[in-house]
Asker: 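Input: one structure, supplied below.
Counting convention: from 1, in listed order, for ligands and their atoms alike. Numbers here are sequence positions counted from 1.
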Amino acid sequence: MKKFVLVMLFIAMAMSMIFAGGSKDAKKTVLNKDKPLVFFNRQPSDPVTGSIDMAAMNFNANTYYVGFDAAGGGAVQGKLITDFLAKADPNKIDRNGDGIIGYVLCIGDVGHNDSKARTEGIRKALGTWNGSTDPTVKKEGSVTVGGKKFKVVELEGKAMTGTDGSTWNANAATEAMGGWATKFDKAIDLVVSNNDGMAMGCLQASNYPAGVPIFGYDANADAVEAIGAGKLFGTVSQNVDAQAAGTLQVIRNLLDGLTGSDVYTKGFSVPDQYGNKITPEVQYKADQRGLFALNGPVDPSNWKSYTEGNRDAGIKQTTAAKKKVILTIYNSADNFLSSSYVPALKYYAPLMGIDLTIVQGDGQSEASCLDKFTNLGNFDAYAINMVKTNSAADYTDKLKY
Ligand code: BGC
Ligand code: CA
């Protein structure tokens, strides 16, 4: 009997060694160039024309983008503002009583699709859109405030670039707002920002005109709280949980060997093999090889449902095999990525069996990210958030062998 147990034990050990060796060999045979590659939040694209960098998106059959519906979001932000104005008291909003709604605009990054879409959405809603997202190209618009028609003038739009060259810079917004408050004084009736980080930055200006309505984008925790406190008037949720979980889900699907439509349906529109499914709708656009979360307005009527800790119950602990993924973040100081996206990634990754290594750049030099995008053979998949939207090739070049 003892002998039998020993023989069985020996067989079990031998089997497990063969198995371990087998999986190691399988790992070795996957070249970096064939591994899953997911771009997220900064879509590989031309900073001037906005056209998608399809060479990057077709790097291999396992390349995808995960983001959100930028154009739809711009429209949501525009409507949030005009809905607010429609119900506002015209005598209070038009601070200098000149019949004009004057506003200032914080632009994140003139070369970033999301930033462009928001500038467009805001200007279209206020009638100041003149066919270009250029900070200086705009026209006089019109809007209804409390049943009364007003002209709209964009007093100034400015790309918020920090002294170090980083974009979407909140400190630059504080400084710009300080300057605007002095320069335009009571002509400012409204402040609009391409993101919450810059909106919160504006509110930091010591001479911020108290009570002037201000709108952001992202639904970061501090911004949602500021809505509750009556400081911020509205923001837009780009559904960060669906995006962070979506980035990881695509990677999980690819690592599990899924192909074709399974890659963007499993765990999205139908449960994956572990029973996980992201609750909000995420749309797939084949022409961009991209998955896009939807946006929703956040204002004093619904801010509470956006307070932190509302993680997606559709994603539960799985038994998925542990895989190693390296993920880059263009700027460790970006408010949205650091306060919303990264915490969500850190929550969902262990549930999906993903061992995540996050490396972060300084927001202005691609090298600050690329220099940490190393030891690539040690990882099973890659997730990339570039400093410049046209830098995808710098990353794929490192994966070419
Ligand atoms: C966010 C911004 C963020 C940017 C970074 C955008 O989608 O709304 O807040 O700064 O991504 O790439
Ligand atoms: Ca006015």
Asker: For ligand 1, which atoms have a heavy atom of His112 less than 4.0 angstrom away?
Answerer: 12 (O)
Asker: What count do you get for protein N, O or S atoms closer to the Ca ion (ligand 2) than 3.0 Å?
Answerer: 5
Asker: Going by heavy-atom distance to atom 3 (C) of ligand 1, choose the closest among Asp334, Asn113, Leu337.
Answerer: Asp334
Asker: Using a strict cut-off of 4.0 Å, indicate which atoms of ligand 1 neighbour a heavy atom of Phe68.
Answerer: 7 (O)
Asker: Hey, does Asn194 come in under 3.5 Å of ligand 1, counting only N/O atoms on both sides?
Answerer: no
Asker: In terms of residue, atom name and distance, what is the protein heavy atom nearest to atom 11 (O) of ligand 1?
Answerer: Asn41 ND2, 3.0 Å
Asker: Does any N/O atom on Arg118 come nearer than 3.5 Å to any N/O atom on ligand 1?
Answerer: yes
Asker: Should the ring pair Phe68 and Tyr217 be called parallel, tilted or perpendicular, given that the plane angle runs from 0 to 90° and is split at 30 and 60?
Answerer: tilted
Asker: Is the closest N or O pair between Asn385 and ligand 1 shorter than 3.5 Å?
Answerer: no
Asker: When the ring planes of Tyr65 and Phe292 are compared, do they come out parallel, tilted or perpendicular, using 30° and 60° as the limits?
Answerer: tilted
Asker: Taking Tyr103 as the fixed residue, which of Leu126, Val143, Asp189 is the one that meets the side chain to side chain contact (heavy atoms under 4.5 Å, CB included) rule?
Answerer: Leu126
Asker: Assess the pair Tyr64 and Phe39: is the distance between their ring centroids shorter than 6.0 Å?
Answerer: no
Asker: Below 30° counts as parallel, above 60° as perpendicular, anything between as tilted: where do the rings of Phe233 and Phe215 land?
Answerer: tilted
Asker: Under 4.0 Å from a heavy atom of Arg42: which atoms of ligand 1 are those, numbered in the order shown and with their elements?
Answerer: 5 (C), 12 (O)
Asker: Tell me: protein heavy atom nearest atom 7 (O) of ligand 1, and distance?
Answerer: Asp114 OD2, 3.0 Å
Asker: For Asn32 and Tyr382, which I'm curious about, is there any donor-acceptor pair between the side chains at under 3.5 Å?
Answerer: yes
Asker: Any atoms of ligand 1 less than 4.0 Å from a non-hydrogen atom of Trp168? List them with their elements.
Answerer: 2 (C), 4 (C), 10 (O)
Asker: How far is atom 8 (O) of ligand 1 from its nearest protein heavy atom, and which residue and atom is that?
Answerer: Asp218 OD1, 2.5 Å
Asker: Can you tell whether the side chains of Lys388 and Glu366 come within less than 4.0 Å, N to carboxylate O?
Answerer: no
Asker: Does the pair Asp109/Arg42 count as a salt bridge with the N-to-O cut at 4.0 Å?
Answerer: yes
Asker: Between atom SG of Cys202 and atom CH2 of Trp180, what is the distance when rounded to the nearest 0.5 Å?
Answerer: 6.0 Å
Asker: Does a side chain donor of either Ser51 or Asp46 reach within less than 3.5 Å of an acceptor in the other side chain?
Answerer: no
Asker: I want to check something: taking the side chain as every heavy atom from C-beta on, are Asp69 and Asn295 in contact at a cut-off of under 4.5 Å?
Answerer: yes
